[in-house]
Amino acid sequence: MHISPLPRRSPLSFLAQLAPRCSMLAMLLSIALVVPAAHAGNVLRGASVTDSCIACPADKFGPPNAVTDGDRATMRNLGGAAPGTFTITPAKPVRFDKLVVLPAMTPAGNVSFEVQTNSDPSGAVGSWVSHGGILTRPWADKVPVEVAMNADTRDIRAVKVIIHQSPSWVAVYEIEGDSGISIWIYAIGIAIVALLLGGLLLRRRRRVAAV
């Protein structure tokens, strides 16, 4: 008995036949990946904040949580010159690659500051870790200042931004923890959509060619 071999199909041909069947699933997956990415990059958004000013009413100096509300137009002012400290506590442990500070500076100039994190569940004294030590960099109004986290930093439970010296009052628009996730989520979503559309286009071309 003679058995005819199965026709060989190219990967593109297989994709063209598979794409219509998986179109709905692919679209839903793309939306699920891409839409949440709008806020995935800043893992400190919505975290609670305390600071070193105990006599800075929110109606005059802005609420402490203004620095994590995701709105770069709102600001928290500590009501005077350095030193000043912001302590941020996310609802659950987070991990991010760099801290981004958006300062309010009048005038601009060199600022001496430090970024520390705490991963100890007990929050014990002495468990704060510095990232780069005390840094001195030029700060300007609404110009982001980035500080890379130590490579082995995980499960961050608290973040502290300490401003030691500054020509301006201590004031910040936003403090963000950049996880670096957002760009990858967008890339995956775009790749899925591109594969889907490519398969549909190839299938349409084959149908036209067969007519």
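Atom set for the values below is all heavy atoms of this structure, side chains included, hydrogens, waters and symmetry mates excluded.
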Considering all heavy atoms of both residues, which atom of [X] and which atom of [Y] are nearest to each other, and what is their separation?
X: Ser166; Y: Met105; value: OG-CE, 3.8 Å
X: Thr89; Y: Ala47; value: O-CB, 3.7 Å
X: Ser52; Y: Gly84; value: OG-CA, 3.4 Å
X: Pro107; Y: Pro167; value: CD-O, 3.6 Å
X: Ser168; Y: Ala104; value: OG-O, 3.7 Å
X: Asp97; Y: Ser179; value: OD2-O, 2.9 Å

| message | Once side-chain hydrogen bond (donor to acceptor under 3.5 Å, both in side chains) is applied, do any residues pair with Thr117, and if so which ones, sequence neighbours excluded? | response | His131

| field | For Gln116, side-chain hydrogen bond (donor to acceptor under 3.5 Å, both in side chains) partners two or more places apart | value | Glu114

Hey, quick one: are [X] and [Y] part of the same hydrophobic cluster, counting side-chain heavy atoms closer than 4.5 Å, chains of contacts allowed?
X: Val101; Y: Ile88; answer: yes
X: Val94; Y: Val100; answer: no
X: Phe61; Y: Val67; answer: no

| task | Mind running side chain to side chain contact (heavy atoms under 4.5 Å, CB included) on Val115 and Leu135 for me, showing each step along the way? | result | CA-CA 9 Å; Val115 173; Leu135 306 171; 5.9 Å; no

| Taking the side chain as C-beta and beyond, is there a heavy-atom pair between Pro83 and Ile162 under 4.5 Å? | no

| said: Between Met149 and Leu99, is there a side-chain heavy-atom distance shorter than 4.5 Å? | reply: yes

| said: The test is side chain to side chain contact (heavy atoms under 4.5 Å, CB included); show your working for Ser119 and Val129 and say whether it passes. | reply: CA-CA 9 Å; Ser119 299; Val129 176; over 6 Å; no

| task | Go through the structure and list residues passing side-chain contact (heavy atoms from CB on, under 4.5 Å) with Pro138, not counting sequence neighbours. | result | Asn110

| field | Any residue meeting side-chain contact (heavy atoms from CB on, under 4.5 Å) with Ala81, in chain and number order, not counting sequence neighbours | value | none

| query | disulfide (SG to SG under 2.5 Å): which pairs involve residues 42-100, sequence neighbours left out? | reply | Cys53-Cys56

| query | What pairs meet the disulfide (SG to SG under 2.5 Å) rule with one or both residues in residues 64-106, with sequence neighbours excluded? | reply | none

| Short question: side chain of Asn77, backbone of Gly79 - any donor-acceptor pair under 3.5 Å? | yes

| query | In Å and rounded to the nearest 0.5 Å, what is the OG1 to CZ distance from Thr153 to Phe96? | reply | 8.0 Å

Is there any salt bridge (Lys or Arg N to Asp or Glu O under 4.0 Å) pair reaching into [range], and which pairs are they, with sequence neighbours excluded?
range: residues 134-144; result: none
range: residues 153-167; result: none
range: residues 62-77; result: Asp51-Arg76, Arg72-Glu176

| query | Which other residues belong to the hydrophobic cluster containing Tyr173, where Ile, Leu, Val, Met, Phe, Trp and Tyr are joined when side-chain heavy atoms lie under 4.5 Å apart, directly or via other members? | reply | Met75, Leu102

| Residues two or more places apart in sequence or in another chain: which of them pass ring-ring contact (aromatic ring centres under 6.0 Å, His included) with Phe113? | Trp139

| With sequence neighbours excluded, residues passing salt bridge (Lys or Arg N to Asp or Glu O under 4.0 Å) with Lys98 | Glu146, Asp178

